[in-house]
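Atom set for the values below is all heavy atoms of this structure, side chains included, hydrogens, waters and symmetry mates excluded.
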Amino acid sequence: MKNSLKAILAITAASFAVMATAAMPAYLDESLDIDTRVKDALSRMTVPEKIAVIHAQSKFSSRGVPRLGIPDLWCTDGPHGIRPEVLWDEWEQAGATNDSCVAFPALTCLAATWNPDMALLYGKSIGEEARYRNKSVLLGPGVNIYRTPLNGRNFEYMGEDPFLAGRMVVSYIKGVQSNGVAACVKHFALNNQERDRNTVNVSVDDRTLYEIYLPAFKAAVKDGGAWSIMPGYNRYDGSFACENRRLLTDILKNDWKFDGAAISDWGAVHNTENVASNGLDMEFGSWTNGLNWGASNSYNDYYLADPYLKLINEGKLPMSDLDDKVRRVLRLIMRTAMNRNRPFGSLNSEDHYAAARRIGTEGIVLLKNNGNLLPVADNIRKILVVGENAIKMMTVGGGSSSLKVQREILPLDGIRRAAAGRGISVDYERGYVGDTTGEYNGVTTGQDLSEPRTASQLIADAVAKAREADMVIFVGGLNKSPKQDSEGDDRNDFALPYHQNELIDALLDANSNTVIVNLTGNAYSMPWLDKARAIVQAWYIGSESGDAIADVLFGDVNPSGKLPFTFAKALTDYAPHSYGDSLIYPGSNGDVVYKEGLGIGYRHTDRLNRRRVNFAFGHGLSYTDFKIGDPTQSPDGDGYIVTVPVSNTGSREGAEVIQAYVSDSKSSVSRPLKELKAFGKINLKPGESGNVTLTLGKEAFAFFNPASKLWTVEPGTFEILIGNASDAIKKKIKIIQVSQVQLADFRL
């Protein structure tokens with residue numbers, strides 16, 4: 001009887017399974033390929049339902065198709081942490097108590113690791129936080145090229161070199177999307193300044209566009225497999241980026257075969273006919289500037305909402321364009337919100353804090369260390385910490401990347417904790433007053449940074465204590481306030497603000513054992529450079545800032561970061577500022593012309609007197625010493641494999657970054673003196689040796705030929721320059737290219 005009942009139940013269960021399978025619509029069957037599912041879902045949708053999925057229904061969500069069980073799509077700001085919840089239709093805080101996050105280091109710090117493994121860890125960790133909060137699209141990372149050190153949003157990007165940015169962004173994307181969360185790479189393209197960002201029209205020649213400003217985006221699409229991409233606010237060649245047919249249709253979708261969704265920046269759409277026809281797929285934030293004003297509940301008035309529906313119904317715009325947008329949005333939803341196999345994620349985990357600290361320490365750059373002032377010596381007993389940035393929270397502010405963190409360890413607290421374990425006393429002086437506020441979009445730091453003393457008194461008080469200390473650690477730089485490292489505008493000048501240069505000079509005069517630690521997302525002038533013995537570039541590190549900085553200062557971690565952009569001596573040593581022409585930057589009458597062409601960062605400063613550069617692209621010191629041996633090369637298909645022996649000749653374990661630049665000795669077109677085309681990081685114990693293997697494909701030797709629209713490798717002699725910074729070339733290899741090669745497309 002028991003066996004008969006089991007048999008009946010088994011047959012019944014099998015029957016229900018067959019019926020369920022037979023009844024399941026194809027779009028819900030995850031065993032089918034995604035294009036089959038998308039095609040089936042699209043065939044079942046009405047025109048109003050199609051329109052509904054391509055525009056916002058709230059500040060951060062778009063509508064699904066409830067009738068078909070297709071869920072809404074939820075976005076969240078990044079790229080350094082998951083933004084706190086705001087109200088459905090307003091920017092005010094929703095008042096949630098479970099929406100704090102881990103703040104990861106700014107992307108400049110990530111780029112400074114020169115380590116794709118760190119980018120993978122970063123992406124996986126932040127993707128887990130987004131997934132736990134049930135977000136489908138992370139609005140980041142950013143890979144706009146560092147054109148000017150005044151750009152307020154450079155801290156969200158990955159530096160001046162397209163190859164470095166491309167390598168790092170690929171791993172970040174793969175980490176994020178392993179959680180079933182889409183990375184949305186931004187801001188496509190030529191969004192290289194915040195000043196006049198909503199209107200500025202960029203003019204740039206094709207060769208510069210393809211060689212400098214597009215490669216990181218192409219790597220994100222072709223190698224990273226990004227599921228979404230975000231055009232910015234700016235115009236290119238007269239058309240807004242969100243309505244730019246050449247960028248979105250010709251290049252992104254046709255040339256690169258991008259199969260994801262192009263999502264507008266908030267409030268970046270201006271015209272229904274243009275946006276409907278030229279490649280954008282989803283619209284967010286219109287009828288507002290995307291930041292602080294706009295009509296409430298106006299979502300049906302969006303350019304891709306009722307106005308688009310009206311033109312479709314009147315036959316004035318083709319259904320084929322609408323269907324293409326909907327296919328892409330459905331594909332995005334099925335990869336994320338409808339993916340039943342994606343992991344559950346985690347929030348504020350100790351693993352995430354550990355990842356943030358590890359990435360932060362690996363990205364910190366030791367710029368200068370005369371006399372081995374660092375790490376802090378055993379005979380130091382009394383340290384004075386000076387500077388507002390030692391006590392100021394940096395996770396609040398800066399624009400849309402502002403975060404509500406569960407915790408943030410301040411530099412002073414991290415230094416005190418590390419010093420206490422070594423029997424060192426730590427005193428503190430403010431030294432300067434910068435920004436005493438601590439609020440952005442309803443998130444407050446709760447800090448009281450008010451200060452009654454004058455600037456001169458603050459300096460005098462700091463100097464008096466500095467004279468009595470064994471060591472002074474100055475912690476300053478920029479902050480996330482408007483017109484510093486912040487979205488919405490650019491910096492006013494290249495100098496450190498708030499009388500910091502005067503303070504640093506006075507501290508160096510009072511105590512030669514003064515370490516300069518600056519938290520910035522940009523380069524800055526250093527009039528005190530020759531006097532300073534030790535300088536540390538510490539970026540915005542996020543939740544683990546204090547402990548990460550202390551790890552490096554006290555030698556618990558050997559610094560291995562390398563600069564992702566050039567620290568020139570003066571603003572005019574950057575190509576866009578060398579002309580003295582507002583048309584080149586920040587623009588004139590709404591236009592900005594990239595007259596400098598390929599001359600960005602080291603590609604420009606390589607041609608200057610080396611004394612015009614304080615610290616070169618790729619520069620970064622260690623507490624140990626490395627020797628680079630003689631490299632060897634062997635053919636590898638159309639390219640070469642270069643093997644570089646490296647030895648740790650010092651007394652500490654550490655990591656070195658081997659950088660390979662290609663130089664074309666004779667070309668039919670003007671080329672930079674050298675360009676980064678490969679790099680690798682190796683960790684070695686004292687006395688240990690190892691090899692760094694670098695692969696250079698044919699594309700490493702090519703330039704974009706605007707006449708033929710093809711990438712070209714010309715016959716002749718090339719040099720592969722091997723070093724540990726762009727101005728520290730140690731070895732050279734010659735490569736002879738026999739015949740000309742033209743390639744229509746390859747991985748950049």
Does the pair His80 and Leu107 meet the rule for a side chain to side chain contact (heavy atoms under 4.5 Å, CB included), with working shown?
CA-CA 7 Å; His80 309 136; Leu107 292 188; 3.6 Å; yes
Tell me, with the steps shown, if Tyr299 and Asp89 meet side chain to side chain donor-acceptor pair (under 3.5 Å).
CA-CA 10 Å; Tyr299 303 105; Asp89 190 47; 2.6 Å; yes
Could you walk me through whether Asn191 and Arg153 pass the side chain to side chain donor-acceptor pair (under 3.5 Å) test, one step at a time?
CA-CA 10 Å; Asn191 185 172; Arg153 215 165 181 181; 5.2 Å; no
Can you check side chain to side chain contact (heavy atoms under 4.5 Å, CB included) on Lys392 and Leu449, steps first, answer last?
CA-CA 8 Å; Lys392 181 176 176 61; Leu449 296 180; 4.0 Å; yes
For the pair Tyr498 and Gln484, evaluate side chain to side chain donor-acceptor pair (under 3.5 Å) and give the outcome as yes or no after the intermediate values.
CA-CA 12 Å; Tyr498 314 130; Gln484 292 205 49; 2.2 Å; yes
I'd like to know whether Lys186 forms a salt bridge (charged side-chain N to carboxylate O under 4.0 Å, His left out) with Asp265, so could you lay out the CA-CA distance, the side-chain angles of the two residues, the decisive distance to 0.1 Å, and finally the verdict.
CA-CA 9 Å; Lys186 59 187 187 183; Asp265 207 339; over 6 Å; no
Could you walk me through whether Tyr585 and Asp490 satisfy the side chain to side chain donor-acceptor pair (under 3.5 Å) test, starting with their C-alpha distance in whole Å, then the side-chain angles of each, then the deciding distance to 0.1 Å, before giving a yes or no?
CA-CA 11 Å; Tyr585 175 87; Asp490 290 349; 2.6 Å; yes
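In this structure, Asp77 contributes its side chain and Leu139 its backbone to no donor-acceptor pair below 3.5 Å. Panel note: side chain Ser277, backbone Glu273; a donor-acceptor pair is recorded below 3.5 Å. In this structure a side-chain-to-backbone donor-acceptor pair under 3.5 Å is missing from Glu243 to Phe240. The backbone N or O of Asn154 lies less than 3.5 Å from no partner atom in the side chain of Asn144, so there is not a single donor-acceptor pair. Judged by distance alone, with hydrogens and angles left aside, the side-chain atoms of Gln177 form a donor-acceptor pair with the main-chain N or O of Trp227 at under 3.5 Å. A donor-acceptor pair is defined here as one N or O able to donate and one able to accept, closer than 3.5 Å; no such pair exists between the side chain of Gln93 and the backbone of Gly95. When atom types are taken as modelled, the side chain of Ser125 and the backbone of His352 share no donor-acceptor pair closer than 3.5 angstrom. Within the 3.5 Å criterion, the main-chain N or O of Trp91 finds a donor-acceptor partner in the side chain of Asn441. Within the 3.5 Å criterion, the main-chain N or O of Asn151 finds a donor-acceptor partner in the side chain of Asn522. Between the side chain of Asn389 and the backbone N or O of Gly476, at least one donor-acceptor pair lies under 3.5 Å.
Glu350 has no carboxylate O lying under 4.0 Å from a charged side-chain N of Arg357, or vice versa, which leaves the two without a salt bridge. Comment: Arg133 does not engage Glu129 in a salt bridge, judged by the lack of any side-chain N to carboxylate O separation of less than 4.0 angstrom. Ion pairing between Arg430 and Glu388 holds under the 4.0 Å rule for side-chain N and carboxylate O. Using a cutoff of 4.0 Å between basic side-chain nitrogens and carboxylate oxygens, Lys253 and Asp281 are scored as salt-bridged. One finds no salt bridge joining Asp72 and Arg63 here, because no Lys/Arg side-chain nitrogen approaches an Asp/Glu carboxylate oxygen to under 4.0 Å. Note on Arg197 versus Glu194: salt bridge recorded, some NZ/NE/NH1/NH2 to OD/OE distance being below 4.0 Å.
Remark: Lys480 pairs with no residue by the salt bridge (Lys or Arg N to Asp or Glu O under 4.0 Å) rule, at least two apart or across chains. Residues forming a side-chain contact (heavy atoms from CB on, under 4.5 Å) with Thr454 (at least two apart in sequence, or on another chain): Ser456, Gln457. With sequence neighbours excluded, no residue satisfies side chain to side chain donor-acceptor pair (under 3.5 Å) with Asp493. Annotation: side-chain contact (heavy atoms from CB on, under 4.5 Å) contacts of Ala354 (sequence neighbours excluded): none. Residues forming a side-chain contact (heavy atoms from CB on, under 4.5 Å) with Ala103 (at least two apart in sequence, or on another chain): Thr395, Leu403, Val405, Ser543. Not counting sequence neighbours, Asn341 has no partner by the side chain to side chain donor-acceptor pair (under 3.5 Å) test. Applying the side chain to side chain donor-acceptor pair (under 3.5 Å) test to Arg335 and every residue at least two apart in sequence or in another chain returns Asp259. Taking Lys404 as the reference, Asp99 meet the side chain to side chain donor-acceptor pair (under 3.5 Å) condition, with sequence neighbours excluded. Judged as a salt bridge (Lys or Arg N to Asp or Glu O under 4.0 Å), and not counting sequence neighbours, the contacts of Asp324 are Arg328. In this view, Ala455 and His499 satisfy the side-chain contact (heavy atoms from CB on, under 4.5 Å) rule, not counting sequence neighbours. Shown here are the ring-ring contact (aromatic ring centres under 6.0 Å, His included) partners of Phe104, two or more places apart in sequence or in another chain: Tyr122.
Tyr233 has its ring centre no less than 6.0 Å from the ring centre of Trp266.
Among all heavy-atom pairs drawn from Ile126 and Leu138, the shortest one is CG2-CD2, 4.0 Å. Closest non-hydrogen pair, Leu311 versus Thr272, comes out as CD1-CG2, 3.8 Å.
In the model, Asp448 has a side-chain atom that pairs as donor or acceptor with a side-chain atom of Ser450 under 3.5 Å. Checking Gln537 against Tyr524 by side-chain atom types alone, a donor-acceptor pair falls below 3.5 Å.
The cationic group of Arg83 does not satisfy the cation-pi geometry with Phe60, failing either the under 6.0 Å distance to the six-membered ring centre or the 45° limit from the ring axis.
Expressed to the nearest 0.5 Å, how far CH2 of Trp74 lies from OG of Ser61 amounts to 4.0 Å.
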Side chains of residues 169-176: which donor-acceptor pairs under 3.5 Å do they make with residues two or more places apart or in other chains?
{"unit_1": "Ser171", "atom_1": "OG", "unit_2": "Pro116", "atom_2": "O", "d": "3.4"}
{"unit_1": "Tyr172", "atom_1": "OH", "unit_2": "Pro79", "atom_2": "O", "d": "2.9"}

